[in-house]
Amino acid sequence: MDYVVIIPAAGQGKRMNAGKNKQFLMLEGAPLIIHTLRVFEMDEWCSGIILVGNKNELSDLKEAVNDYQIEKVLKVVPGGEERQHSVYEGLKVVDQSSRVLIHDGARPFVSIDSIHKLVIAAHDSGAAVLGVPIKDTVKHIEQKKVVKTVDRNSLWAVQTPQAFHLSLILSAHLKAAEQGYLGTDDASLIEHAGSEVTIVEGDYLNIKLTTKEDLLFAKAILRERKEHHNNV
Ligand SMILES: Nc1ccn([C@@H]2O[C@H](COP(=O)(O)OP(=O)(O)OP(=O)(O)O)[C@@H](O)[C@H]2O)c(=O)n1
Ligand SMILES: C[C@](O)(CO)[C@H](O)COP(=O)(O)O
C-alpha cells in the first residue's frame, strides 16, 4: 500500500497574519512544515515526499528539510498562484507510484491510522478524502440575513490527505485547467470530472492552521502529546 505524498506549502499565510509564510512558524522547536513532514517520514507506507514551496523559499525549505533530517523528500518544486496550481506542479514530478496522497503543509496533526484508512479506501475507489461531521449549525446567509438553515446531517468538514490513483487525479487537474475550473480541494476536481469520491472519517485533531487562533489549539495539542509521551 505504498504511496507518494505531495505537500503543498507554497501559500502566503495571509489569514495567519504572521508577516511570513505560516509554514515557517516555530512550534515546539520546529517549523510548522517540519511537524507535517515528520508524519510522513514516520509512516512506513510513505515511499516519498514531493514538497511544493514558494519559488523564493525553496532554499529555506531545503535547509529545513536537511536540518531536521527529513530523508523521504524526493523533490522540492516551486508552486503556483493558487493551491490547485501548486498541487499540479507536484503531480507533474511524481513518477514512481500509482497512488498519490495530497496533504496540506498546514495540517501537522493527521494520524498515521487515518492515513492508512484513507489509502485502503482509495485503493478500492480510486479517490478518497478524510473528513469529519460538522458540529455547528450552518446557515445560508445573504446580506447579513439568514436565508435558511442547512440540514447538517449530510455536511462534513473535508480535510487532507486526499488519496487518488495518479492517473485519475492527473486527468482531473488537466481537465480543470483546460476549463478554467478552480476548486478549493483536489477531490472537487474529481467530482467536476464526474467521478466518485469516497469519504473516510478522520478525527477533529487534524486541523488546518489558518488563523492565529489555530496556533492556540496547535500548542495545546503538542503540549498534550509531550505530556503523554513523558508519562508513557
Ligand atoms: N498558492 C498556494 C496556496 C496554498 N498552498 C498550500 O495549500 C495549503 C492550504 O492552503 P491555506 O491553508 O489556505 O494556506 P495559505 O494559502 O498559505 O493561507 P492564506 O489563504 O491565509 O494565505 C497550505 O499548506 C498552503 O501552503 C500552496 O501550496 N500554494
Ligand atoms: C484542501 C482543504 O484543506 C480541504 O479542507 C481546504 O480546502 C484548503 O482550503 P484553503 O483555503 O486553501 O486553506
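All ligand and atom numbering here is 1-based and tracks the order in the structure.
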Student: Answer yes or no: is there a donor N or O on one side and an acceptor on the other, between the side chain of Ser125 and the main chain of Ala127, under 3.5 Å?
Tutor: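 Yes, because the side chain of Ser125 sits within donor-acceptor range (under 3.5 Å) of the backbone of Ala127.
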Student: Would you mind running through ligand 2 and noting each atom that sits below 4.0 Å from a heavy atom of Thr160?
Tutor: 1 (C), 3 (O)
Student: If you measure only the distance, is there a donor-acceptor pair under 3.5 Å linking the side chains of His229 and Glu227?
Tutor: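 Checked: His229/Glu227 side chains show no N/O donor-acceptor pair below 3.5 Å.
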Student: Is any N or O atom of Arg83, backbone or side chain, closer than 3.5 Å to an N or O atom of ligand 2?
Tutor: no
Student: Give the residue and atom name of whichever protein heavy atom lies nearest to atom 21 (O) of ligand 1, and the separation in Å to one decimal.
Tutor: Arg15 N, 2.8 Å
Student: Can you find an N or O of Gln159 that's nearer than 3.5 Å to an N or O of ligand 2?
Tutor: no
Student: Would you say the side-chain atoms of Glu213 and Thr211 include a donor-acceptor pair closer than 3.5 Å?
Tutor: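 Present: a donor and an acceptor within the cut-off.
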Student: Compute the ring centroids of Phe40 and His103, then answer whether they are less than 6.0 Å apart.
Tutor: yes
Student: Atoms of ligand 2 less than 4.0 Å from Val158 heavy atoms?
Tutor: 4 (C), 5 (O)
Student: Do NZ/NE/NH1/NH2 and the carboxylate oxygens of Asp186 and Arg83 come within less than 4.0 Å?
Tutor: yes
Student: May I ask you to identify the nearest protein heavy atom to atom 17 (O) of ligand 1, giving residue, atom name and distance to one decimal place in Å?
Tutor: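 The answer is Gly13 N, 2.7 Å.
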Student: May I ask you to decide whether Lys175 forms a salt bridge with Glu178, counting only side-chain N to carboxylate O separations under 4.0 Å?
Tutor: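 Salt bridge absent between Lys175 and Glu178.
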Student: Students often mix this up, so state it plainly: with edges at 30° and 60°, are the rings of His123 and His165 parallel, tilted or perpendicular?
Tutor: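 Ring orientation, 0 to 90° scale: perpendicular.
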Student: Return a yes/no value for Arg107: is any of its N or O atoms, backbone included, closer than 3.5 angstrom to an N or O of ligand 2?
Tutor: yes
Student: Between Glu89 and Lys92, is the salt bridge (charged side-chain N to carboxylate O under 4.0 Å, His left out) condition met? List the steps.
Tutor: CA-CA 5 Å; Glu89 291 306 314; Lys92 284 197 286 189; 3.2 Å; yes
Student: Please state which option from Gln12, Arg83, Lys22 has its nearest heavy atom closest to atom 11 (P) of ligand 1.
Tutor: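 The residue whose heavy atom sits nearest atom 11 (P) of ligand 1 is Lys22.
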Student: Please state which option from Ser86, Pro78, Gly53, Pro8 has its nearest heavy atom closest to atom 29 (N) of ligand 1.
Tutor: Ser86
Student: Heavy-atom pairs closer than 4.0 Å: do any link ligand 1 to the side chain of Ala10, the backbone, both, or neither?
Tutor: both
Student: Applying a heavy-atom cut-off of 4.0 Å, say which part of Glu82 lies close to ligand 1: side chain, backbone, both or neither.
Tutor: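 Backbone only.
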Student: In the protein, what heavy atom is nearest to atom 4 (C) of ligand 1, and what distance, to one decimal place, separates them?
Tutor: Gly11 CA, 3.6 Å
Student: Considering only protein heavy atoms, which is closest to atom 22 (O) of ligand 1, and at what distance to one decimal place?
Tutor: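 Nearest neighbour among protein heavy atoms for atom 22 (O) of ligand 1, to 0.1 Å: Lys14 N, 2.7 Å.
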Student: Between Asp185 and ligand 2, is there a nitrogen or oxygen pair with a distance under 3.5 Å?
Tutor: no
Student: Any heavy atom of Gly79 sitting closer than 4.0 Å to ligand 1?
Tutor: no
Student: Output the list of atoms in ligand 1 that are nearer than 4.0 Å to some heavy atom of Asp104, sorted by atom number.
Tutor: 8 (C), 9 (C), 24 (O)
Student: Is any N or O atom of Arg15, backbone or side chain, closer than 3.5 Å to an N or O atom of ligand 2?
Tutor: yes
Student: So is Thr210 in contact with ligand 2, going by heavy-atom distances below 4.0 Å?
Tutor: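 It does not, in that no heavy atom of Thr210 comes within the 4.0 Å cut-off of ligand 2.
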Student: Side chain, backbone, both or neither: which part of Glu81 has a heavy atom under 4.0 Å from ligand 1?
Tutor: backbone
Student: On the six-membered ring of Tyr204, is Lys135 placed so that its NZ or CZ lies under 6.0 angstrom from the centre and within 45° of the ring axis?
Tutor: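 So Lys135 does make the cation-pi contact.
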Student: Is the count of non-hydrogen atoms from other residues, nucleotides or ligands lying under 6.0 Å from Gln12 atom CD greater than 12?
Tutor: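 Not more than 12 within 6.0 Å, no.
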Student: Determine yes or no for a side-chain-to-main-chain donor-acceptor pair under 3.5 angstrom, with Lys20 supplying the side chain and Leu25 the backbone.
Tutor: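 Here the side-chain-to-backbone pair does not exist.
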Student: Within a reach of under 6.0 Å around NZ of Lys212, are more than 12 heavy atoms found that belong to other residues, nucleotides or ligands?
Tutor: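 Yes - once you tally the heavy atoms of other residues, nucleotides and ligands closer than 6.0 Å, there are more than 12.
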